[in-house]
Every structure is written in C-alpha cells, then in structure tokens.
Amino acid sequence: MLQPVAVGHKSLADYTHLVGRPLVEEIRELAEALQGLKVLHLSATAFGGGVSEILYTLIPLMRDVGIEADWQIMIGREEFYNVTKLMHNSLQGSDQTISDDEWVIYERYNRINALELSDGWDVIIVHDPQPAAVHQHVPEKARKWVWRCHIDLSTPNPDTIEHVVPLVRGYDDSVFHLQDYVPSALNGASEQKIHICPPAIDPLSPKNMALSPEDAAFVCDQFGVDVDRPLICQVSRFDPWKDPIGVIDAYRQVTEQIPEVQLALVGSMATDDPEGWEFFNSTLEYAQGDPDIKILNNLNNVGAIEVNAFQSQADVVIQKSTREGFGLTVSEALWKARPFIGGDVGGIPLQVKDGETGFLVSSPDQCAERSLEILREPELGKKLARAGKEHVRRHFLTPRLLRDWLRIFSDST
Ligand code: UDP
C-alpha cells in the first residue's frame, strides 16, 4: 500500500474575510455538482518544498467543500530519489543527463507504485515528474488523470524531456504554473487539456498567520538574532538555484555601507533531497563563521512558526533564485507585508511587479543596491510591501487555487 498522509481540518468559511464573499460563493456553487468526487493526490514526499506545503492546505479545503480528497506518498528509496533529483535538475535546465540504468530505476519504482495503487478513483492528480510514469501502467484505476507540474520546464535538457513527454502525454489533463513551462511537444500535440494555474499559500496556516511584531522578535531572538538591528532573510531549501551564495555576496556589500545588518538563511532539508546537505555545508563554509550570518535548518527546530517569525521580522526578505518554478516563499513574504527582493526568473515576476510590489534583480550587485535602498528608505519599503500584500490577496491565496481545481474537475468529469 502507498502511504496515506494525514491532513488536518480546515474550513473555507474561515477564509471569507481574507478573500471576499464572491470567491467563496463561486467555490460553493462549483462544488455543488462535485459532491463525493473521489480524488487522489499522488506525490513523492509529504515533507519539504512547495508541493507538500500546498497539499496540506488544499486537501482539507477540498474535503470541506464535499470532495473526497486523499493524499498518498510514493514508495521510494535513496536510489530512486537520487535519480528523481537528477531528473528534477535536468528538467529545469542543468546539463546533467540520466543514464539508461538510472531510467531503469525510475521505471521500476513507478511500476511498483502503480501496482500498489488502489482503484475506483474519479480523478488521480500526479504531482511532478517523480510519479509521472505510474499512469501508463494502470490507466484503469481512475476515470481522469491529471499531471500537475510544479517545476519550470521552459529550458529542459532535451534528452530528459524527450523521455518524460511520452509519459505525460497520456494524461487527460495537465496543469502548469505558467504558459512558458508547457513543453512544446505537449502543446497542441495531443487530446490533453492544458491548464495554467499558479499555486497559492494558506493565509491561516501557522507559517502565514498574523504574528505580532513582539512575538516575531521573541522567536528570532531565540536564534541569536539581535532584534534591534536590521535583518535580511532568505527562506529556502539549500539548493544552488536558490542562490544563497549570491545572497551572502549581496549581504557583504550591504554591510560595507550599513555594518549592523544581519543575515538569516533559513532552509529546510527535504527527505527526497540527498544533495541538500552537501550544499548546506558549502554555504556554511562560504559564510566563514561570520556571527551575523545565521544559517538555520529544520534540525535546529526551525518549523513553520519560526519561518513565519523570520519572514515577519526581516527588514528585507530576499528570494534570489536563479531558477524558480513559482516560489511560494515570495507570496509568503509579501503576505506578511515585507519589503521584498526576488530574482527575475520563473514564477517570481508573476508575484513581484518590479518597483510596485517589490524589486526584481539579476545579480548580487543589484540585490545589494535594492537592499540598501529599502534599508535607507523605510517608507519606500512599506509602500511596496502594502501593494505586495494586496497582490497576493487577489491572486495567490489557497481559495483561488481551490476554485481553479474545481473548475478543472467540472470540465473534465
Ligand atoms: N520552507 C520551510 N522551511 C525552510 C525552508 C523552506 O518551511 O526552512 C518552506 C517555504 O516556507 C515554502 C516551501 O518550503 O513554503 C518552499 O516552496 P518554494 O515554492 O519556495 O520552493 P521549492 O522548495 O518548492 O523549490
């Protein structure tokens, strides 16, 4: 049996004051015709990264409106995760390739998982490439199959995408964050319906709920941050594409002008991310023991509340990615009305309108310049942050994502 994931309870009604009555009513109307629909979400991990973050909120809300939604995790071992991590990197444009032996491992685990899958589903939603090959073995186990891609496929390694496209072509529907991410080989080439819908954050989860400045300061203080001095923060997995090294470079330039600035790099280590530790250690080394750089991970007891506290406390929140499927951390920071600087890549410009809801940058130098601007001109930072919060309210809170899914279910079941 695949491992089921327990998710808590959430009620859509609690979100009305945040997203407005019209959206909540639209959701209820769409849900009327979908009562009792059996929907399975299948993903590779229940911990770490954006996919699990989204599902912990989306699934309880689906249930609350009458969908019988479940979530199961693939059976996998290190050899499988090593291949899928490589696949992930390679699909997002690295020049790493996957050998025939590695494809055999990938296929083997997908076949095992397919056989373990129970049947009788109305819809199975397969998240990301890890379980993408399950469908071809057991198409009869659901009336509809949807492939939900959370990564940036705009410049994939040609060999890898050539291997993946045939696996996902057989799905009834596919869902991408941006039109740019739809592989050209899928576009118009099959019967498949392609939907574009970006992810969203949960404004009521412990990570995003309102935290008073005093409480945020209290938590950050426990991690050694001097809460009376300015703080720059980036929250993200330790991954080269998140560019924590570039953030350290930017921070060093900032401290030449404003020496009291501190930096926090907060990064969880995902269970399916064997490379993470290696990169964590090299980031640590790059910081050269600077006591004003705090490098923290979930093994330091940094959980959702702590992430919330760091994002709420920071004078500038950065997500200096050089590649980014969407970047939930961007909406998380903007929702907390923090001045924000993001890499001008992937899903970040969808959330950050340069100069309106934050700043977009393409180098550590630019990142340092914009940080200094915000630190020297708090009113500017506040103005950007307020506009950022409203942008997130309109476009990137989970009820909007729930509405998009109900629309997909409505026109495909
Ligand atoms: N995250 C976390 N703790 C950390 C680092 C990251 O809880 O130490 C969360 C972060 O708040 C966000 C998610 O993990 O909700 C990362 O999603 P994102 O889309 O930003 O990036 P991904 O990891 O999926 O590439």
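Worth knowing before you read on, the calculation uses all heavy atoms, side chains too, and leaves out hydrogens, waters and symmetry mates. Remember, it's 1-based here, ligands and their atoms both numbered in the order they're listed. We number each residue from 1, following the sequence as shown. Computed from a predicted structure; not experimentally measured.
Using a cut-off of 4.0 Å between Lys/Arg side-chain N and Asp/Glu carboxylate O, D290 and R252 are scored as not salt-bridged. The residues R323 and D239 are annotated as not salt-bridged, no charged nitrogen and carboxylate oxygen being separated by less than 4.0 angstrom. With respect to the salt-bridge test (charged N to carboxylate O, under 4.0 angstrom), the residues R407 and E26 qualify.
Within the set T329, I151, V235, the minimum heavy-atom distance to atom 6 (C) of ligand 1 is found for V235.
Using modelled atom types, one finds no donor on one side chain facing an acceptor on the other under 3.5 Å when comparing H137 with N110. A side-chain donor from one of D152 and S154 sits under 3.5 Å from a side-chain acceptor of the other.
Atoms of ligand 1 lying under 4.0 Å from at least one heavy atom of G50, given by number and element, are 16 (C), 17 (O), 22 (P), 23 (O), 24 (O). Atom numbering of ligand 1 starts at 1 in the shown order; those under 4.0 Å from a heavy atom of G327 are 19 (O), 20 (O). The distance from ligand 1 to the heavy atoms of R237 drops below 4.0 Å at these ligand atoms: 22 (P), 23 (O), 25 (O). The E53 neighbourhood of ligand 1 comprises atoms 15 (O), with distances under 4.0 Å to a heavy atom of that residue.
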Could you list the donor-acceptor pairs under 3.5 angstrom formed by side chains in residues 1-13, with sequence neighbours left out?
from	atom 1	to	atom 2	distance (Å)
K10	NZ	D202	OD2	3.1
S11	OG	A13	N	3.4

Only distances under 3.5 Å count here; give the side-chain donor-acceptor pairs of residues 66-75 to other protein atoms, sequence neighbours excluded, each with its distance to 0.1 Å.
from	atom 1	to	atom 2	distance (Å)
D70	OD1	R63	NH2	3.2
W71	NE1	S43	OG	3.0

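The proximity of E332 to ligand 1, defined as any non-hydrogen pair under 4.0 Å, is limited to the side chain. With a 4.0 Å cut-off on non-hydrogen atoms, L328 touches ligand 1 through its backbone as well as its side chain. Residue-level proximity to ligand 1 for K207 is carried by the side chain, the only part with a heavy atom below 4.0 angstrom.
No heavy atom of V302 sits closer than 4.0 Å to any atom of ligand 1. Residue K242 places a heavy atom under 4.0 Å from ligand 1.
Between S236 and ligand 1, no N or O atom pair is found at a separation short of 3.5 Å. Checked by distance only, ligand 1 and Q311 stay at 3.5 Å or farther apart across all their nitrogen or oxygen atoms. No N or O atom of V307 sits closer than 3.5 Å to an N or O atom of ligand 1.
Remark: the backbone N or O of A132 is not paired with any side-chain donor or acceptor of W147 at under 3.5 angstrom.
The side-chain contact (heavy atoms from CB on, under 4.5 Å) test with I98 singles out one residue from L86, L91, N157, and that residue is L86.
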